[in-house]
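Here's the structure, in structure tokens; my notes come after.
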Amino acid sequence: MQPEKLIIFDTTLRDGEQCPGASLNIKEKLEIARQLALLKVDVIEAGFPVASPGDFESVKQIAEEIRGSKIAGLSRALEKDIEATARALEKAESPRIHIFLSTSKLHREHMVEKAKEEIVEMGVKAIQFARKYCDDVEFSPMDATRTEKDFLAEVTREVISAGATTVNIPDTVGYTVPEEFAELIRYLKENVPNINQAVISVHCHNDLGLAVSNSLSAVQAGARQVECTINGIGERAGNAAMEEVVMAVKTRKDFFSGVYTGIETKHIQACSKLVSSLTGFFVQRNKAIVGKNAFAHESGIHQHGFLKRKDTFEIMDPKDIGGEESELVMGKHSGRSALLHKVKELGYNLEQDELDKLFKEFKVLADEKKEIFEDDLHTLIQKQKFSDEQLNTYKLGSLQCGFETGKVPQATVVLVSRDGNEHSSSANGDGPVDAIYNAIDKITGLRCKLLEYQVMSKTTGQDAQGEVTVRVQHEKREVLGKGVGVNTIEASGIAYLNAINKFLIKSKSGPVEGNELPGP
Ligand code: KIV
Ligand code: ZN
């Protein structure tokens, strides 16, 4: 039998973005969508349009620009949601409306407060309504794995009759285990007479660490779409990690012989780094496929075997996921065309003015550190693409910071406001970074709380660029700030200021990030 295509449905921009602290702005979502398209993801779930104006706009822009991947938008089983999703998807090359509705007893009684018959009726009506706008409609019975099996079969049958082209079986709370989940998929195949008129999809959460295993078990039982996210980010413990699902199918094609995916795996590593950097969710070192140690061999016995023959201890080639050591790409004397070539190879699309600016920054960095690695370029491009300089209220003028053992650290900061005026302030702190942040707070007048502070070296060597990520709270809002540089103290100041500028944009022009509605 010919293997069938396993549809990869990526929900990094919806379920992934929904988790606390991961909120992305429109520019960032667009950039991730471009990388997902480069990966040749079959379906990109771009967001939940009715949730907020920001969500609507990002789904709309992604639908307008991205070609090659289907673009999906999420909706509750309500006409106003479906209309909003249909509007956001108007310009998509290939749109999909994804409708969800709770079906388990627990959710029926305590969340939606509806009887079984009402749920079926709502689901059917929503599908029929969505089909007026779009031929491709997916239905998700939320909390499917805790729904009575016979009721789940009934809902599935009815929504397919109403026109659902994909039925997704979500393990919303990450409750199921692999054998049980495979059995559920087989049950639906045997007990839903029209099941062959729709694709069976699965959507697994990772509360018990089983999201990928459950998804793969379902594939063996006949599911032909897997919903997943890059790096497995998502609500609570996250969703099934796309890179793990895809590489399992590829590496064990002897076992998963019934399916294949169309994913261009060589872009996995770059996409993982982009998502990690933009969300501020670092990938654990030992994470399968994309962790720093995923292809490192430490023990003497392993190294000995590996050096003689790679497959003694390595089941995948790191090249397959684009995961070789960060390549040394350029130096001080590299020219503009070499830079343009490399930028394209890394999957970025830059306008001429962006490229000019990048070239200038590249030369400054090449003066600071002799060797420029691929990761340095990723960092420079991202820094430039995602810093909305015109929107910033303040930029860093200068920074002075003194530290001596036994003495209280002190910092003096000069910020330049948009009108060109300089604002200076000095403060003490528990450490130099704290002193800098206190001085910034004195100037801006905002009372912020630093929730998280992390420094990551972007490449190797003593002159590596450090990326500082801070999570800052002001009143009830949390934002991420980022700063990059060879001098990590300065980068710390820039990261904090980046977060402050986001708060200041928000207070002037309404929300730029985050959801107003509680997500599914
Ligand atoms: O986890 C879930 O049930 C969901 C649905 C909206 C598919 O995210
Ligand atoms: Zn989910």
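Order of appearance sets the numbers: ligands from 1, and atoms from 1 within every ligand.
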Checklist line | Side-chain H-bond candidate by donor/acceptor type, N239 with T229, under 3.5 Å | finding: no
Notebook entry, point to check: Do D136 and S94 meet the criterion of a side-chain donor-acceptor pair at a distance under 3.5 Å?
Noted result: no
Check: Going by the atom numbers of ligand 1, which of them fall below 4.0 Å from some non-hydrogen atom of D15?
Finding: 8 (O)
Checklist line | Atoms in ligand 1 flagged as close to M142, the criterion being non-hydrogen separation under 4.0 Å | finding: 3 (O)
Note to self: Using every non-hydrogen atom in the two residues, find where P3 and Y260 come nearest and quote the distance to one decimal.
What the structure shows: O-CE2, 3.6 Å
Notebook entry, point to check: Looking only at heavy atoms, is any part of E235 under 4.0 Å from ligand 1, and if so is it the side chain, the backbone, or both, or is it neither?
Noted result: neither
Notebook entry, point to check: Under 4.0 Å from any heavy atom of H205, which atoms of ligand 1 are there?
Noted result: 1 (O)
Next item on the list: Would you check, one step at a time, whether the test side-chain contact (heavy atoms from CB on, under 4.5 Å) holds for L39 with I230?
Entry: CA-CA 11 Å; L39 266 175; I230 299 290; 4.0 Å; yes
Next item on the list: Work out the angle at the Zn ion (ligand 2) between NE2 of H205 and NE2 of H203, rounded to 10°.
Entry: 100°
Checklist line | ligand 1 contact by Q18, heavy-atom criterion under 4.0 angstrom | finding: no
Next item on the list: Apply ring-ring contact (aromatic ring centres under 6.0 Å, His included) to Y133 and F129, showing your working.
Entry: CA-CA 8 Å; Y133 294 96; F129 187 70; 5.5 Å; yes
Check: Is D143 in polar range of ligand 1, meaning some N or O pair under 3.5 Å apart?
Finding: no
Margin query: Suppose we screen for side-chain hydrogen bond (donor to acceptor under 3.5 Å, both in side chains). Which residues come up paired with E79, at least two apart in sequence or across chains?
Written below: none
Notebook entry, point to check: Does R14, backbone or side chain, put an N or O under 3.5 Å from an N or O of ligand 1?
Noted result: yes
Item checked: Residues forming a side-chain hydrogen bond (donor to acceptor under 3.5 Å, both in side chains) with Q197, sequence neighbours excluded -> none
Note to self: Could you identify the N, O or S atom of D15 positioned closest to the Zn ion (ligand 2)?
What the structure shows: OD2
Notebook entry, point to check: Which of the atoms in ligand 1, numbered in the order shown and given with their element, are less than 4.0 Å from a heavy-atom of S140?
Noted result: 7 (C)
